[in-house]
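Read the structure below first, then the notes.
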Amino acid sequence: MTTTALRTAAARASDLTKVYGSGDTRVTALDHVSVDFYRGEFTAIMGPSGSGKSTLMHCMAGLDDVSSGSARIGDIELNGLKDKALTKLRRDQIGFVFQAFNLLPTLTALENITLPMDIAGRKPDKAWLDRVIATVGLADRLSHRPSQLSGGQQQRVACARALASRPEIIFADEPTGNLDSRSGAEILGFLRSSVRELGQTIVMVTHDPVAASYADRVIFLADGRIVDELQAPSADGVLDRMRRFDAKGRTS
Amino acid sequence: MFKTALRNVLSHKGRLLMTMLAVVLGTAFVAGTLVFSDSVSTALKNSLSHNYDNVSVRVENSAAGEGRSAQDNNSDAKPLTDATLRQIRALPGTASAVGTVEGFAGISDANGNLVGGRGGTQGANFSPGADGTDTRYPMAQGSGPTTSTQIAVDQRTAQKNGFKVGDTLRVAVNGPVMQLTVSGIFTSDDPALSSGGSLVLFDTATAQRLYTAPGQYGWIDALAKPGTGQDALESQIGQVVPHSGNITLHTGASLTADAKQMVEDDSKNMKTALLFFAGVALFVGIFLISNTFTMLIAQRTRELALMRALGASRKQVRRSVLLEALLVGLTASLAGLGAGVGIGAALKAWAGSSGNLPGGGLTVTPSTVLITLLVGTVVTALAALFPALRASRVPPVAAMSSNDQPASQKSLVVRNSIGLVLAGLGVGVVLLGVSQGGSAGRMPVALGALLVMLGVFVLTPLLSRPIIAATGPLFRRLFGISGTLAKQNAIRNPRRTAATASALTIGVTLITALTVIGTSISTTITKQVTANMKADYAVSTQLGYPVSPQLLAQLKSAKGVTAVSAADSQYVTVNGTDLSLNGYDAGSFDQLVAPDLTQGTLDAFKQGQLLIDADHAKSLDATVGSTVKVAYPNGTSGTLTVGGVYPKSDLLGPALLSEQALRGHTLAPYYNVVLVKTDGGASSANEQALRDATGLNPLVKVQSQQQMVDQFNSLISMMLTILYALLGMAVLIAILGVVNTLAMSVFERKRELGMLRAVGLDRRGVKRMVRLESVVIAVFGAAMGVAIGTFLAWAANGLLKSSLSGLTTALPWGRLALFIALGATVGLLAALWPARRAARLDILGAIKTD
């Protein structure tokens with residue numbers, strides 16, 4: 001593809017290997033994975049349970065260390081970084097959206113959104129913050145606590161938190177897993193629009209073909225290896241590919 | 001159900017550890033107290049059982065020697081004479097009989113200070129048999145005293161002070177110092193000596209002259225011939241010795257029993273005091289245990305709901321939790337019992353090593369074992385009662401809910417109302433008690449104090465929110481996001497915070513109350529001494545004997561003395577009211593004493609008018625110029641004019657009159673203290689000059705103003721130190737409680753912590769957050785304790801005012817600030833381990849936790 005050369009990688013895995021345990025209990029979760037996550041693109045990582053998709057995300061996000069190979073965010077090599085540097089990297093360069101929302105129950109919606117910046121001791125960019133809040137549609141809920149918000153609203157707060165500090169890349173781990181389909185669609189539409197309109201880079205792990213269809217590109221993982229890739233996917237197209245892997249898995 | 005309970009205990013070993021430790025500490029305190037006091041009392045009783053081996057019957061004259069009072073001198077008390085002794089010796093059942101005279105005798109060191117004042121300093125008569133020895137006092141060196149210039153001294157004292165046979169000792173009984181030659185050094189197993197006292201022996205005639213009267217004894221001990229029982233001898237003696245009034249007969253067996261009873265009573269008092277503090281520690285433990293079970297049950301909601309869904313009844317769930325508590329309590333009590341026996345042994349060894357205690361084994365009675373196990377188990381089960389009830393109310397449907405947020409907290413309205421009523425009532429009752437004052441107010445204040453404490457404990461969740469929230473801005477500024485999060489965490493579960501803080505509050509309340517009371521008393525005393533006394537020295541005698549007139553004369557002639565007056569303490573009746581009156585020399589009065597007169601002048605005193613304190617002025621309805629009728633000790637009576645009124649003062653007493661005006665109205669002077677003004681004020685030279693003037697009399701106590709104050713203050717601070725140590729256990733358990741709460745909170749908030757770490761809070765930030773939460777809770781608990789303690793101390797001072805006039809509450813700000821700072825330190829210490837755990841948390845594991 002001619003456009004490939006113009007796209008720059010926000011994150012890159014090269015020969016990334018992750019091994020758990022040793023001896024008889026040795027499990028290779030990631031087996032020499034190489035992949036680029038392009039700037040301003042919404043990438044979905046798909047695969048059956050145990051395919052290594054979450055591990056890939058954790059390694060790329062500096063939450064887990066790698067056994068060999070390289071994981072980079074921008075120009076920074078994660079492999080070999082100490083906890084302190086990793087923490088700083090996560091704080092300044094990476095945003096997170098979790099399946100279980102993971103908001104602090106003691107803080108208001110607004111306080112949860114600005115948490116990463118409070119941790120860094122930085123003042124949030126007011127104009128940007130307002131724009132993010134307006135985009136997620138939470139302006140009238142800012143002083144509410146998480147327990148006073150619906151699941152969809154909580155996840156929108158989580159998305160706003162990830163966006164507010166303008167990270168290099170956002171990792172979303174099954175962001176719709178705990179939501180009903182309507183709230184899920186809202187969140188996915190919101191993630192897509194933040195890529196299209198705000199230029200954010202997002203990597204999302206999911207096993208839901210419908211969720212994956214919101215992405216610009218889908219990467220398929222199986223047994224710790226990248227087995228396929230799909231550009232501008234549709235839900236049916238994704239489902240189709242998944243079925244093939246499933247069938248392959250069963251016959252092999 | 002037993003299996004589930006056991007499994008639960010085993011699977012929550014880690015989280016129950018602190019609970020166990022709290023119960024172990026509390027029960028160890030109880031067991032240690034019981035073992036120690038039982039062992040001491042057994043050892044003392046054993047050593048006593050031989051004390052009366054040579055006494056079959058004792059004939060005692062309670063009017064002789066130490067027990068003598070002013071009345072006994074005048075009444076027709078019957079003496080025990082040599083004649084009585086001969087009569088007893090002549091009885092058919094008597095093998096031998098010996099008469100004893102005993103009393104105070106002080107030995108002086110080179111500077112005139114009393115030797116061995118700690119365990120009592122005694123003198124007695126050496127009563128040799130036909131062979132010239134006294135079986136009670138075997139001589140190690142030399143021989144017993146036979147003349148009035150000789151003396152024998154006990155070996156321990158002799159060794160400690162380097163006294164040798166042939167040395168000259170300064171000894172005083174009650175009067176001028178005597179220079180006596182050491183004729184012998186004897187051994188004795190008298191327990192008073194092993195605890196630091198001294199004993200000297202005079203020849204019988206000298207002892208009688210000093211303590212009773214020539215030919216008279218304090219008591220006579222008779223030993224029965226073989227074959228004659230103690231009771232038989234007692235009845236034989238009873239026939240020849242009239243035993244009524246001051247003369248009493250006791251068999252050796254009854255003396256031993258009495259002495260044992262006394263030991264028993266003493267040890268019971270010590271036991272009760274120690275058990276009170278053990279009780280406080282256990283009470284603090286209740287908060288910790290209850291908190292632990294509440295948290296465990298909150299964590300296990302789904303598990304419990306599953307059991308209910310599978311058909312377990314409420315009763316079964318409740319029983320299962322209580323059973324768990326019983327298992328924990330029993331296990332911990334067993335450990336506590338073991339630790340307690342160890343503590344008892346260690347204490348006994350320590351007390352024994354200082355030489356105050358006869359040896360002997362440890363006494364672990366069955367009741368000690370039973371009480372310890374029962375207390376530990378029951379306390380644990382009681383503390384788990386509410387959590388167990390709450391567990392039984394978990395609805396089966398909770399098993400299905402995927403919501404992992406704890407159910408919304410029940411409203412605190414009912415709790416707050418109860419708390420407000422209790423606290424309000426408590427404050428009211430305390431105030432009522434204070435307004436009644438004296439002993440009448442004691443009950444209301446005690447009851448009110450209890451109500452206030454309970455009320456505040458019930459109210460703590462309500463109080464915690466605004467008080468802790470108020471620290472928010474400060475925390476935000478100082479510690480950034482960690483501070484904010486810490487504050488939020490501290491108030492997110494007010495019940496838990498309250499229970500944790502309250503545990504600390506109990507200890508701090510007691511510590512504060514005692515400290516404030518102690519400080520108030522010593523401040524008041526210091527003020528009185530320095531405000532009312534202009535004299536440099538107050539000279540009195542050991543044991544509160546009156547100062548003899550010879551001594552007064554000696555002091556007057558001392559070098560550097562510019563003014564001297566004795567305080568002649570006499571009982572008079574003024575307008576029908578008995579009161580004690582101090583007579584001072586009119587000439588030197590204004591140089592020595594400075595009553596803070598609210599009415600009248602000191603000139604009036606010099607002219608022989610009466611000065612009276614405000615309280616008595618009021619009750620006698622007397623003002624300056626009014627005339628009162630006075631009945632004097634020697635039966636004379638007359639009238640006096642009131643010349644002045646001063647504020648009530650324990651130092652000055654209720655009334656002052658010049659010695660000159662008192663002359664001719666008393667039977668004998670009773671100088672309880674002599675005030676001395678010296679040239680150049682208090683100095684070691686002047687002090688030595690005073691001692692020298694008395695011939696280095698060991699009986700004399702010379703104290704400067706500062707020494708009086710210091711002596712009193714050191715007494716107070718020593719008492720406080722002991723009480724602090726005893727309350728230390730309660731504080732220690734409270735610290736465990738904070739550790740426990742934090743550890744559990746960290747466990748519960750794993751996911752939040754994981755998220756915080758994921759979004760960029762570093763380990764230091766996490767640690768700081770946990771530490772700050774801990775500090776907030778601990779400081780909150782300590783501050784409440786300081787507040788309640790101060791209030792209760794104020795109330796107690798209101799009651800004590802009747803016994804210590806002019807007592808006002810003085811706040812030791814430094815100490816109070818120190819208690820709060822200690823609270824903060826406790827918080828920091830308690831957070832060490834939980835904060836580490838929180839910081840070490842594996843981020844992935846924390847996020848994945850479901």
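Everything numeric here is computed off the predicted structure, so don't read it as measured data. Numbered from 1 within each chain, the chains take letters A, B, ... in sequence-line order. Just so you know, these numbers use all the heavy atoms, side chains as well, and skip hydrogens, waters and symmetry mates.
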Between atom [atom1] of [X] and atom [atom2] of [Y], what is the distance when rounded to the nearest 0.5 Å?
| X | Y | atom1 | atom2 | value |
| --- | --- | --- | --- | --- |
| Phe101(A) | Met755(B) | CZ | CE | 13.0 Å |
| Thr484(B) | Ile119(A) | OG1 | CD1 | 11.0 Å |
| Thr87(A) | Asp762(B) | OG1 | CG | 6.0 Å |
| Ile843(B) | His58(A) | CD1 | NE2 | 10.0 Å |

Interface residue of largest heavy-atom contact number with chain B, from [options], under 4.5 Å:
| options | answer |
| --- | --- |
| Asn102(A), Asp173(A), Leu107(A), Leu63(A) | Asn102(A) |
| Arg90(A), Lys88(A), Gln99(A) | Arg90(A) |
| Leu86(A), Leu89(A), Leu115(A) | Leu115(A) |

Restricting to non-hydrogen atoms, name the atom on Asp64(A) and the atom on Leu844(B) that form the minimum distance, rounded to 0.1 Å.
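Heavy-atom minimum between the residues: OD2-CD1, 3.0 Å.
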Minimum heavy-atom distance between Ala758(B) and Phe96(A), given as atom pair plus value:
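Where Ala758(B) meets Phe96(A) most closely, the heavy atoms are O-CE1, 3.1 Å.
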Within 6.0 angstrom of His144(A) NE2, more than 12 heavy atoms from elsewhere
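Enclosed: over 12 neighbouring heavy atoms sit under 6.0 Å from NE2 of His144(A).
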Neighbour count >12 (heavy atoms, 6.0 Å) for atom CZ, Arg764(B):
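Atom CZ in Arg764(B) is not crowded, with 12 or fewer foreign heavy atoms closer than 6.0 Å.
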Using heavy-atom distances under 4.5 Å, tell me whether [X] contacts chain B through its side chain, its backbone, both, or neither.
| X | answer |
| --- | --- |
| Asp83(A) | side chain |
| Ala100(A) | both |
| Leu104(A) | both |

Derivation of the side-chain contact (heavy atoms from CB on, under 4.5 Å) call for Arg763(B) and Lys84(A):
CA-CA 8 Å; Arg763(B) 291 206 162 122; Lys84(A) 219 171 188 165; over 6 Å; no
Please tell me if the side chains of Asn489(B) and Thr106(A) come closer than 4.5 Å, counting only heavy atoms from C-beta onward.
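Yes, their side chains come closer than 4.5 Å.
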Mind checking whether Pro105(A) and Glu752(B) have side chains closer than 4.5 Å, heavy atoms only?
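Heavy-atom side-chain distance check passes, below 4.5 Å.
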Which atoms of Ile491(B) approach chain A - backbone, side chain, both or neither, heavy atom under 4.5 Å:
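Neither; nothing under 4.5 Å.
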Could you look at Arg757(B) and say if it's the side chain, the backbone, both or neither that has a heavy atom under 4.5 Å from chain A?
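Both parts, backbone and side chain.
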Go through Arg476(B) and Asp118(A) one step at a time and tell me if the side-chain contact (heavy atoms from CB on, under 4.5 Å) criterion holds.
CA-CA 10 Å; Arg476(B) 178 163 211 123; Asp118(A) 283 334; 3.8 Å; yes
